[in-house]
Amino acid sequence: MKPVKLPNEIDVLIATKPENVRYLSGFTAPEDGLVVLGREGATLFTDARYAEQAPAESRVPVEIVNPREGYGFLRPHIEGLRVGYEARHMPCALKARIEAEAGAALLPTEGVVERARMIKSPEELDRIATAARIADEGYAHLLPRVAPGTRELDLALELEFWMRRHGAERAAFDFIVASGPRGALPHGVASTKRLEQGELVTFDFGAVVDGYHSDMTRAVALGPVDAELRRIFEVVEAALEAALEAAGPGVAARELDAVARDVIERAGYGPRFVHSLGHGVGLEVHEAPFLNARSEDVLEPGMVVTLEPGIYLPGKGGVRLEELVHVTARGIEVLSRAPRGWLEV
Ligand code: ZN
Ligand code: ZN
């Protein structure tokens with residue numbers, strides 16, 4: 001794990017966001033814990049339900065506490081110090097309680113742990129690559145079942161069931177299976193709709209292994225489809241290939257977003273690419289760095305990001321293709337390996 005650098009304005013950080021608590025400690029029930037991180041080290045606080053589990057899992061010292069009786073247990077760790085909290089995560093009510101009961105004013109911080117999490121260790125990369133492999137294999141298992149008459153929901157369930165039987169601890173998110181006109185919904189989670197001949201179907205899915213996610217999108221045609229849908233598939237594929245070609249260490253996230261967006265704009269579909277090019281993937285399925293037109297992030301070796309251009313035509317359908325990419329010292333390694341070319345079943 002990459003060490004977390006505290007900003008100069010604070011002496012300690014109270015981390016409450018579950019993925020950050022897990023990252024800092026290794027504790028696998030992070031929603032029931034918090035970590036106080038100082039320059040000398042960190043302490044995990046959790047309750048008596050985890051008296052055995054937490055010390056067994058945590059890389060940092062553990063204190064078993066009872067937050068129901070108040071947050072006075074934090075006093076020896078934060079009193080008199082400049083204490084940061086995760087402003088995007090800690091509820092106002094909890095902040096007020098800690099300030100009242102532990103005697104410290106909390107200062108807002110953003111992205112302190114997330115910045116370290118952008119660069120993955122070899123162990124983290126391994127887990128993500130394993131999750132990606134399970135997703136690839138799950139997709140191969142699913143493809144023969146993609147046929148007219150099948151419900152989107154049943155395909156999503158079959159895919160999740162298969163992946164969990166083959167090493168995924170859970171699904172990375174509610175899978176998107178968007179067929180026909182539903183393909184125009186960038187986040188069309190699987191519904192009770194049945195697939196029909198002549199439709200294009202988008203599958204967006206991933207697995208979780210030891211807390212780490214994968215994320216990939218593929219599209220399949222049920223026989224010959226409308227010429228414009230075939231056309232936007234080709235444009236999206238060209239945009240993805242341009243982004244894959246351009247990606248590598250030192251490349252600005254917003255430049256990469258522009259590379260893919262240019263291809264789609266030149267084809268006349270600019271306004272139909274309604275989201276950003278991609279995002280980091282790790283303990284969260286969407287995490288820093290974010291690949292969009294306003295991003296200040298620059299790709300660095302050890303980052304894992306998605307590249308996922310899409311075109312959505314309301315009322316008609318849509319296409320998105322998404323690859324999961326590890327940025328290396330020399331270029332990129334594509335972790336999602338399932339075939340993504342035009343496929344009619
Ligand atoms: Zn996705
Ligand atoms: Zn994604």
inquiry  = Please check: side-chain N/O of E19 versus main-chain N/O of E284, any donor-acceptor pairing under 3.5 Å?
reply    = no
query = Does S58 use its side chain to pair, donor to acceptor, with the backbone of G26 at less than 3.5 Å?
reply = no
task = Apply the side-chain contact (heavy atoms from CB on, under 4.5 Å) test between L34 and each candidate in T43, L74, N20, T46; give the one that qualifies.
result = L74
request  = Apply side-chain hydrogen bond (donor to acceptor under 3.5 Å, both in side chains) to E333 and T328, showing your working.
outcome  = CA-CA 7 Å; E333 172 196 12; T328 65; over 6 Å; no
message = Any non-hydrogen side-chain atom of E114 less than 4.5 Å from a side-chain atom of M118?
response = no
task = Please report the C-alpha distance between Y269 and E228 in whole Å, then the side-chain angles of each, then the deciding distance to 0.1 Å, and finally whether the side-chain hydrogen bond (donor to acceptor under 3.5 Å, both in side chains) criterion is met.
result = CA-CA 11 Å; Y269 291 103; E228 190 177 20; 2.7 Å; yes
message = Has S295 got a side-chain atom pairing as donor or acceptor with F290's backbone, closer than 3.5 angstrom?
response = yes
note = Tested for side chain to side chain donor-acceptor pair (under 3.5 Å) against S179, the lone hit among E152, R151, E196, R194 is E152
ask   = Does atom CZ of R39 have more than 12 heavy-atom neighbours from other groups under 6.0 Å away?
value = yes
Ring center gap for F173 and H286 short of 6.0 angstrom = no
ask   = Atom CG of L143 and atom CG of L155: how far apart are they, to the nearest 0.5 Å?
value = 10.0 Å
inquiry  = Go through it in stages, so that I can follow the logic: the residues are T28 and Q53, the test is side-chain hydrogen bond (donor to acceptor under 3.5 Å, both in side chains), and I'd like the CA-CA distance, side-chain angles, deciding distance and then a yes or no.
reply    = CA-CA 9 Å; T28 63; Q53 180 185 334; 3.2 Å; yes
Which atom of L335 lies closest to which atom of A129, heavy atoms considered = CD2-CB, 4.3 Å
request  = Hey, could you give me the CD1/NE2 distance between I14 and H89, rounded to the nearest 0.5 Å?
outcome  = 13.5 Å
request  = Sort out for me which residue in V112, I119, V113 forms a side-chain contact (heavy atoms from CB on, under 4.5 Å) with R115.
outcome  = V112
query = For E245, does the CD atom have more than 12 heavy-atom neighbours from other residues, nucleotides or ligands under 6.0 Å away?
reply = no
key: Derivation and outcome, salt bridge (charged side-chain N to carboxylate O under 4.0 Å, His left out), residues R22 and E124   = CA-CA 13 Å; R22 182 165 183 164; E124 292 178 290; over 6 Å; no
note = Tightest non-hydrogen contact, residues S25 and V60, listed as CB-CG2, 4.0 Å
request  = Kindly give the heavy-atom pair with the smallest separation between L229 and V319, and that separation in Å.
outcome  = O-CG2, 4.2 Å
query = Checking R320 side chain against V236 main chain: does a donor-acceptor pair fall under 3.5 Å?
reply = no
query = So how far is it from I64 CD1 to L44 CG, rounded to the nearest 0.5 Å?
reply = 7.5 Å
query = Out of curiosity, L125 CG to M303 CE, how far, rounded to the nearest 0.5 Å?
reply = 12.0 Å
Enclosure of R97 CZ (heavy-atom neighbours >12, cutoff 6.0 Å) = yes
ask   = Salt bridge between E123 and R127, side-chain N to carboxylate O under 4.0 Å?
value = no
query = Is it true that a side-chain atom of S336 and a backbone atom of L324 form a donor plus acceptor pair closer than 3.5 Å?
reply = yes
request  = Verify the ring-centre separation between H275 and Y312: is it less than 6.0 angstrom?
outcome  = yes
R145, CZ: over 12 other non-hydrogen atoms inside 6.0 angstrom = yes
request  = Decide side-chain hydrogen bond (donor to acceptor under 3.5 Å, both in side chains) for H77 and E63; before the verdict, give the C-alpha distance in whole Å, the side-chain angles of both, and the deciding distance to 0.1 Å.
outcome  = CA-CA 12 Å; H77 299 266; E63 284 191 24; 3.1 Å; yes
query = Is the shortest heavy-atom distance from the side chain of V327 to the side chain of E300 under 4.5 Å?
reply = no
query = How far apart are the C-alpha atoms of E241 and R340, what are their side-chain angles, what is the distance that settles it, and do they pass the salt bridge (charged side-chain N to carboxylate O under 4.0 Å, His left out) test?
reply = CA-CA 11 Å; E241 278 165 7; R340 76 169 135 78; 3.3 Å; yes
request  = May I ask you to decide if R337's main-chain N or O and D136's side chain share a donor-acceptor pair within less than 3.5 Å?
outcome  = yes
query = For the side chain of R164 and the backbone of A207, is there at least one donor-acceptor N/O pair under 3.5 Å apart?
reply = no
ask   = Per the side-chain contact (heavy atoms from CB on, under 4.5 Å) rule, which among L106, V21, T16 passes with E86?
value = T16
key: Heavy-atom closest contact (A260 atom, L277 atom, distance)   = CB-CD1, 3.6 Å
request  = Just say parallel, tilted or perpendicular for the rings of Y50 and F27, cut-offs at 30° and 60°.
outcome  = perpendicular
query = In terms of ring plane angle, is the pair F205 and Y139 parallel, tilted or perpendicular, where the classes change at 30° and 60°?
reply = parallel
key: For K17 against R117, the heavy-atom pair lying closest together   = CE-NH1, 4.4 Å
query = Tell me, do V4 and Y23 make a side-chain contact under 4.5 Å, heavy atoms counted?
reply = yes
message = Let's go through L142 and E158 carefully: what are the C-alpha distance in whole Å and the side-chain angles of both, what is the deciding distance for side chain to side chain contact (heavy atoms under 4.5 Å, CB included) to 0.1 Å, and is it a yes or a no?
response = CA-CA 7 Å; L142 188 71; E158 180 64 30; 4.1 Å; yes
ask   = Rounded to the nearest 0.5 Å, what separation is found between the CD atom of E308 and the CG atom of D215?
value = 5.5 Å
Value rounded to 0.5 Å, distance of OG1 in T306 from NE2 in H279 = 3.5 Å
message = Surrounding CG of D262 (heavy atoms of other residues, nucleotides or ligands, distance under 6.0 Å), is the total greater than 12?
response = yes
message = So which atom in A100 and which in R75 form the shortest heavy-atom distance, rounded to 0.1 Å?
response = O-NH2, 4.3 Å
